[in-house]
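What follows is a short report on a single structure.
First listed ligand is number 1; within each ligand, the first listed atom is number 1.
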Amino acid sequence: METNKDIKPENKADGNKKVVLSGIRSTGNLHLGNYFGALSKFVRLQDNYDCRYFIADLHALTTNPDPAQLHSSVKNILAEYIAAGLDPEKNIIYIQSDIPEISEMYLLMNMHVGIGELMRTASFKEKARKALGIISDSDEIEKEIIGNQSNQRVNAGLLTYPTLMAVDILIHKADYVPVGKDQEQHLELTRRFARRFNSFYKTEYFGEPVNFNFGGEALKVPGLDGSGKMGKSEGNCIYLIDDEKTLRKKVMRAVTDEGPKEPNSAVSQPVENLFTLMGLVSDPDVIQHYRDAYADCSIRYGDLKKQLAEDLLKVTMPIRERILDIKDNDEYLSKVVKQGAERAREHASKTLKEVREIMGIRPL
Ligand code: ADP
Ligand code: TRP
């Protein structure tokens, strides 16, 4: 496995480290999808890059959370970032809404973003479908949205979600954005908005940020319910904060099938998901043992699940202990984000000032 030491610091022409930027929405606790898809990458990058990580509370607002829940979720995620290994001295850690420059630049950037391209974004269509209770995959979703009377359910913040995300990234002029596979379309839009801004104003102001996967593919951590993706709204998650009993119970209840009927048969999706999870936490020879047992029909899913739970616990338990240690230390947590906001604002205000200038918003 690659370690921090394997990653060489990449230097820009001006001698500075390349900038890494990423965030996670404050919509609950972090699960294994967030951890392996995003947070563990954040941690691995922190020694060799100029890293800035934030809690996307404005993005969380797009799904109208309860105010008290939003507030406690921001705190949870902050504690979880630090507990998973993010060092506030090595990284800029901040809360998105603490940086007012982001909101202003979001307004400015929206002038260069088309409603049509936003409506065609996969994540928007999916969220709109969910909000309106539409099950079908039909492309008629645009008509449904426009015709719908309960306007707040599909709000304008949800539509302009990719603009805000692009601004999060561009305001830092980030080079790398470590995220899971599901965020790649948003990154593609970010690059498109950057190119459009540059070409409209005949400048080369913004670069084109890319995902960071340590040379591999972007990751999609599967759920325990046989589905392709672990996600908060799918209700199929193992959380970093889950206690031992809860985690074991969830794994033991994971969906499987009736078992292989003949040697070397194809592995069904739910069982493949368990192998994928094992691939994240178990030794290769352990995985091979269960692959072989599947191939010769001697596999017992109960044993595989016990092993998987054991190996997952080795990763999550130390993190859980650290979360419990710091999550009520309000003084420490607020010091971290205060310092983070100050440092993030230095970068953000410089970019905003230059963007205003480029767009013609200048002092009289
Ligand atoms: P959720 O889908 O649970 O609401 P978020 O959308 O807040 O999670 O995701 C935060 C980060 O975690 C993003 O970088 C996203 O790509 C990553 N992520 C979330 N779920 C997964 C998953 N199942 N596999 C890989 N990465 C994931
Ligand atoms: N959209 C991301 C998610 O759902 C969160 C996010 C907001 C983000 N702004 C970002 C991620 C900027 C990376 C960079 O997970």
Side-chain angles (χ1 to χ4, degrees), residues 19-43 45 51-63 65 70 73-74 76-77 80-81 84 92 94-97 99 102-103 105-106 109 118 121-124 126-127 130 157-158 160-191 193-194 209-213 216-240 273 276-277 279-280 344 348:
V19 174
V20 171
L21 182 283
S22 195
I24 299 183
R25 287 178 306 144
S26 43
T27 49
N29 290 100
L30 298 184
H31 54 76
L32 291 182
N34 302 137
Y35 181 71
F36 288 107
L39 185 50
S40 65
K41 299 202 273 183
F42 300 179
V43 177
L45 289 162
C51 297
R52 305 155 193 195
Y53 299 120
F54 69 99
I55 297 159
D57 58 343
L58 298 177
H59 277 106
L61 280 176
T62 60
T63 41
L70 178 72
S73 173
V74 168
N76 288 343
I77 294 193
E80 288 168 348
Y81 271 5
I92 301 181
Y94 63 95
I95 301 171
Q96 186 183 30
S97 62
I99 318 298
I102 292 174
S103 298
M105 192 165 135
Y106 161 67
M109 188 58 88
L118 291 174
T121 307
S123 61
F124 172 69
E126 193 191 309
K127 283 180 180 145
K130 239 179 222 169
L158 207 52
T160 53
Y161 186 112
T163 317
L164 182 56
M165 177 155 165
V167 168
D168 289 327
I169 298 167
L170 297 175
I171 209 162
H172 284 280
K173 302 205 152 170
D175 299 290
Y176 295 121
V177 185
V179 281
K181 195 166 178 52
D182 61 315
Q183 294 299 313
E184 289 204 317
Q185 191 181 24
H186 288 150
L187 262 186
E188 186 55 52
L189 284 170
T190 301
R191 289 189 285 271
F193 301 158
V210 291
N211 199 348
F212 196 108
N213 295 304
E217 284 275 295
L219 205 65
K220 186 163 96 175
V221 179
L224 294 170
D225 56 351
S227 79
K229 188 192 166 223
M230 184 175 289
K232 268 164 249 157
S233 41
E234 282 77 12
N236 59 4
C237 297
I238 293 176
Y239 293 96
L240 294 175
N273 287 353
T276 304
L277 287 170
L280 298 168

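Atoms of ligand 2 lying under 4.0 Å from any heavy atom of F54, numbered from 1 in the order shown and given with element: 9 (N), 10 (C), 12 (C). Close contacts between ligand 1 and G37 involve ligand atoms 25 (C), 26 (N) [criterion: under 4.0 Å to a heavy atom]. Every atom of ligand 1 is numbered from 1 in the order shown, and the set under 4.0 Å from a heavy atom of G231 is 3 (O). The distance from ligand 2 to the heavy atoms of I169 drops below 4.0 Å at these ligand atoms: 12 (C), 14 (C). Close approach of ligand 1 to A38 is summarised as follows: ligand atoms under 4.0 Å from at least one heavy atom of the residue are 11 (C), 12 (O), 14 (O). Atoms of ligand 1 found under 4.0 Å from any heavy atom of K220, numbered from 1 in the order shown, are 24 (N), 25 (C). Close contacts of ligand 1 with M230, meaning ligand atoms under 4.0 Å from a residue heavy atom, involve 20 (N), 21 (C), 22 (C), 23 (N). Close contacts of ligand 2 with V177, meaning ligand atoms under 4.0 Å from a residue heavy atom, involve 13 (C), 14 (C). Residue contact check: R25 has heavy atoms under 4.0 Å from atoms 4 (O) of ligand 2. Annotation for ligand 1: atoms under 4.0 Å from non-hydrogen atoms of L219 are 24 (N), 25 (C), 26 (N).
At distances below 3.5 Å, at least one donor-acceptor pair connects side-chain atoms of N273 with backbone N or O atoms of S227. Counting only distance, with no hydrogens or angles, the side chain of N236 and the backbone of K229 share a donor-acceptor pair below 3.5 Å. The main-chain N or O of S97 is found under 3.5 Å from a side-chain atom of D57 such that the two form a donor-acceptor pair. In this structure, K220 contributes its side chain and G180 its backbone to no donor-acceptor pair below 3.5 Å. Judged by distance alone, the side chain of H172 and the main-chain N or O of A174 form no donor-acceptor pair under 3.5 Å. In this structure, E80 contributes its side chain and L240 its backbone to no donor-acceptor pair below 3.5 Å. Side-chain N or O atoms of S22 include none that pairs as donor or acceptor with a backbone N or O of V177 at under 3.5 Å. Counting only distance, with no hydrogens or angles, the side chain of T62 and the backbone of L158 share no donor-acceptor pair below 3.5 Å.
Scanning the protein heavy atoms around atom 3 (O) of ligand 1, the nearest turns out to be H31 NE2, 2.6 Å. Residue, atom and distance of the protein heavy atom nearest to atom 2 (O) of ligand 1 are K229 NZ, 2.9 Å. Residue, atom and distance of the protein heavy atom nearest to atom 11 (C) of ligand 2 are G23 O, 3.3 Å. Summary of contacts: the protein heavy atom closest to atom 18 (N) of ligand 1 is G33 O, 3.7 Å. What sits closest to atom 15 (C) of ligand 1 on the protein, heavy atoms only, is D182 OD1, 3.3 Å. Protein heavy atom at the shortest distance from atom 24 (N) of ligand 1 is V221 N, 2.7 Å. Of all protein heavy atoms, the one closest to atom 10 (C) of ligand 1 is N34 ND2, 3.4 Å. From the protein, the heavy atom lying nearest to atom 6 (O) of ligand 1 is R25 NH2, 3.2 Å. Among protein heavy atoms, the minimum distance from atom 9 (N) of ligand 2 is reached at D168 OD2, 2.7 Å. Here the heavy atom of the protein found nearest to atom 7 (O) of ligand 1 is K232 NZ, 3.3 Å. When only non-hydrogen protein atoms are considered, atom 4 (O) of ligand 2 lies nearest to Y161 OH, 2.9 Å.
Below 3.5 Å of separation, one finds no N or O of I24 facing any N or O of ligand 1. The shortest N or O to N or O distance between G180 and ligand 1 is below 3.5 Å. Taking any N or O of Q183, backbone or side chain, none lies under 3.5 Å from an N or O belonging to ligand 1. Looking at Q183 next to ligand 2, an N or O pair under 3.5 Å apart turns up. Not a single N or O atom of V179, backbone or side chain, sits closer than 3.5 Å to an N or O atom of ligand 1. Not a single N or O atom of T27, backbone or side chain, sits closer than 3.5 Å to an N or O atom of ligand 1.
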>> For a side chain to side chain contact (heavy atoms under 4.5 Å, CB included) check, start with the C-alpha distance between L58 and Y106, then their side-chain angles and the critical distance, and finish with the verdict.
In response: CA-CA 11 Å; L58 298 177; Y106 161 67; over 6 Å; no
>> Does I92 form a side chain to side chain contact (heavy atoms under 4.5 Å, CB included) with Y53? I'd like the steps, not just the answer.
In response: CA-CA 6 Å; I92 301 181; Y53 299 120; over 6 Å; no
> Stepwise, does the side chain to side chain contact (heavy atoms under 4.5 Å, CB included) test hold for Q96 with D168?
Replying inline: CA-CA 8 Å; Q96 186 183 30; D168 289 327; 3.0 Å; yes
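Tested against N211, the residues E184, Q183, E217, K181 include a single side chain to side chain donor-acceptor pair (under 3.5 Å) partner, E184.
Residue I238 holds its CD1 atom at 14.0 Å from OH of Y35, rounded to the nearest 0.5 Å. Summarising the geometry, atom CD1 belonging to I102 is positioned 11.5 Å from atom CG belonging to L170; distances are rounded to the nearest 0.5 Å. Separation of atoms OG (S40) and CG (L280) is listed at 8.5 Å; rounding is to 0.5 Å. Atom OG1 of T163 and atom CE of M105 lie 11.0 Å apart (nearest 0.5 Å).
By the criterion of a heavy-atom distance under 4.0 Å, neither the backbone nor the side chain of Y53 is placed next to ligand 2. Residue contacts with ligand 2 for V179 involve side-chain atoms from C-beta outward but no N, CA, C or O (heavy atoms, distance under 4.0 Å).
Taking the six-membered ring where the residue is Trp, H59 and Y161 present tilted rings, their angle falling between 30° and 60°.
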